[in-house]
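Notes for the one structure printed next.
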Amino acid sequence: MLDLKFVRDHPALVRKALIGRGQSPAALDGFEELDLKRRSLLRTVEELKAERNTASEKVASLKKSGQDAEELIVQNRELTQKIKLIDPEVAQVEEEQSRLLSNIPNIYDQSVPEGDESHNKEIRVWGEKPEFSFEPKNHYELGEALGLMDFQRASKISGSRFAVLYGDLSRLNRALINFMLDLHTGGHGYGEVWPPALINSKAMFGTGQLPKFAEDSFKIENYDLWLAPTAEVPLTNLFKDEILEVADLPILVTAYTPCFRAEAGSAGKDTRGLIRMHQFDKVELVKITLPEDSMEELESLTLNAETVLQKLNLPYRVVLLSSGDMGFSSAKTYDLEVFLPGPGVYREISSCSCFTDFQARRANIRFRRQKGAKLEFAHTLNGSGLAVGRTMVAILENYQNPDGSITIPEVLRPYLGFQTHIRSQN
RNA sequence: GGAAGGGUGGCCGAGUGGUUUAAGGCACCGGUCUUGAAAACCGGCAAUGGGUAACCAUUCAUGGGUUCGAAUCCCAUCCCUUCCGCCA
């Protein structure tokens, strides 16, 4: 959420941000009018309240000295009637204004290229694309041929966009989670967290999933709970309504969680394979930082995620998203795209974003530089480190052999009893 | 799910209708004292909104209600603790 005063003082900037994101600036319509209305109503009602408060004190002192206060009491009764008419009006205008405000996206950083996704900017490319003496297969062809990846049975249990993994692929999934967590908690200095997977509406609002993107998540019937679409939500909201010690910043946390997404609006996209699931595993990185450090911290967070790909020796590129392709809450986003030999394309495997104070204002995450100093909003960042399912996809496709077996990347072997290959069970 | 107790500022905690403009303590900041520090003493110290400002309003879990006036009384909801029940 943007600061109300910021929107009031810089309507042109907010307008530009909306247009740059390919949205209609109509989202701002009525803001100024509402703001003026709210302030004028507030002045009126606050004056009445002040009058009533003074009179009430007089009643108290009159009664104490045994004098008659009936006249004042009658007068005050009338004041209260007036106040009761205006108060709901104030509440209504405030609600309208905050609804409008909570639907306005973050202002994006100056370094973000303007335009739609065709303006995304390739920042760097890492690794060599593998050379094959044969036609490389897609991961689902490989997985199904190995007899270790099953979409048919998954559809019996749950439906489309779910998968069942067996044996060595299930183990590979576990190995990847442990490898990623060990890497980030070891060398990269993140604290490991095991958070809830069911999240209440307030927390979903805090990171920006609500109110605008309710249809992207699964809601639990009869409860004010949602299936977490990403560990960004529980990890960032760990610090909701807290005043942080400046000495503790930056705070770095990581968690493995299952993630659940409704994938509404992506009908027909990536219908085969593990790419776009209703349920997938992800190791998430979250940072809470000082405002002046956040953009630098985004660079190091992105490198932390890249390290996973480098250790797995998977070719990838880093893309700086354009203003039109970025998420609602983000001020700047790098996507990591891993190369997939099957379709022969780069696919998103991590998204690393700096949210400046946008989430912190919604979630009320603050800090104080010194005792007595004003409270300030912290900056929040997050990135996938990495999406586990898509990492498995990348390994299957990049490490495939002519016989359909998969070579296990060196760094994962300690997690798999030093096994070197995944082979067909038949 | 049942019963009981509770939710007050950064933290602890007093407070059952009118100097509560939220006592007191801790922590923190400034000062006195000291070679320096500690201790002691003095002073300061909530957030949000409105206002050029003086200042005003709101906030004691949340939402309603009673009243001239609510942290305090009433109703509903949420959360926490303890005990019981159920249970991986």
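Below, all heavy atoms of this structure are taken into account, side chains as well, without hydrogens, waters or symmetry copies.
The backbone N or O of A/Gly22 lies less than 3.5 Å from no partner atom in the side chain of A/Asp116, so there is not a single donor-acceptor pair.
For B/rU59 and B/rG15, the P atoms lie 23 Å apart once the distance is rounded to whole Å. Spacing of P atoms, B/rA14 relative to B/rU8, comes out at 11 Å, to the nearest Å. Taking atom C1' in both B/rG50 and B/rG65, the straight-line distance is 27 Å, to the nearest Å. When the P atom is used for both B/rC84 and B/rC68, the distance is 48 Å, rounded to whole Å. Comparing the C1' positions of B/rG51 and B/rG31 gives an interatomic distance of 34 Å, to the nearest angstrom. When the C1' atom is compared between B/rG5 and B/rG63, the two are found 23 Å apart, to the nearest whole Å. Nucleotides B/rG18 and B/rA70 place their P atoms 12 Å apart, quoted to the nearest Å. B/rG9 sits 5 Å from B/rA46 when the C1' atoms are compared, rounded to a whole Å.
A/Leu79 comes within 4.0 angstrom of no nucleic acid atom, judged by non-hydrogen atoms across all strands. If you check every strand for non-hydrogen atoms under 4.0 Å, A/Lys202 touches nothing. Counting non-hydrogen atoms under 4.0 angstrom, A/Arg8 reaches the backbone sugars and phosphates but no base.
When the nucleotides B/rC68, B/rU48, B/rG50 are ranked by their closest atom to the side chain of A/Ser56, B/rC68 comes out on top. The side chain of A/Leu42 approaches B/rG49 more closely than any other nucleotide in the set B/rG49, B/rG51, B/rG10. Checking B/rG10, B/rU66, B/rC68 against every side-chain atom of A/Val59, the shortest atom distance belongs to B/rC68.
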Check your understanding: Once each nucleotide of nucleotides 55-60 of chain B is scored for protein heavy atoms under 4.0 Å, what B/S/- sequence comes out, 5' to 3'?
Key -> -BSS--

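A salt bridge does not link A/Arg347 to A/Glu397: none of the charged side-chain nitrogens sits closer than 4.0 Å to a carboxylate oxygen. For the pair A/Lys16 and A/Glu114, the salt-bridge criterion is met [side-chain N within less than 4.0 Å of a carboxylate O]. Under a 4.0 Å N-O distance rule, the pair A/Arg276/A/Glu263 qualifies as a salt bridge. A/Asp87 and A/Lys49 are joined by a salt bridge, as a carboxylate oxygen and a charged side-chain nitrogen come within less than 4.0 angstrom of each other.
With 3.5 Å as the limit, one finds a donor-acceptor pair spanning the side chains of A/Asp241 and A/Asn364.
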Check your understanding: Run the side-chain contact (heavy atoms from CB on, under 4.5 Å) check on A/Met149 and A/Leu274 step by step: do they pass?
Key -> CA-CA 9 Å; A/Met149 193 182 290; A/Leu274 289 179; 3.7 Å; yes

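By the neighbour-count criterion of 12 heavy atoms within 6.0 Å, atom CD of A/Glu71 is sparsely surrounded, having that number or fewer from other residues, nucleotides or ligands.
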Check nucleotides 72-80 of chain B for protein N or O atoms closer than 3.5 Å to its own N or O atoms and list the pairs.
none

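Ring orientation note: the planes of A/Tyr415 and A/Phe179 are nearly perpendicular, at an angle over 60° on the 30°/60° scale.
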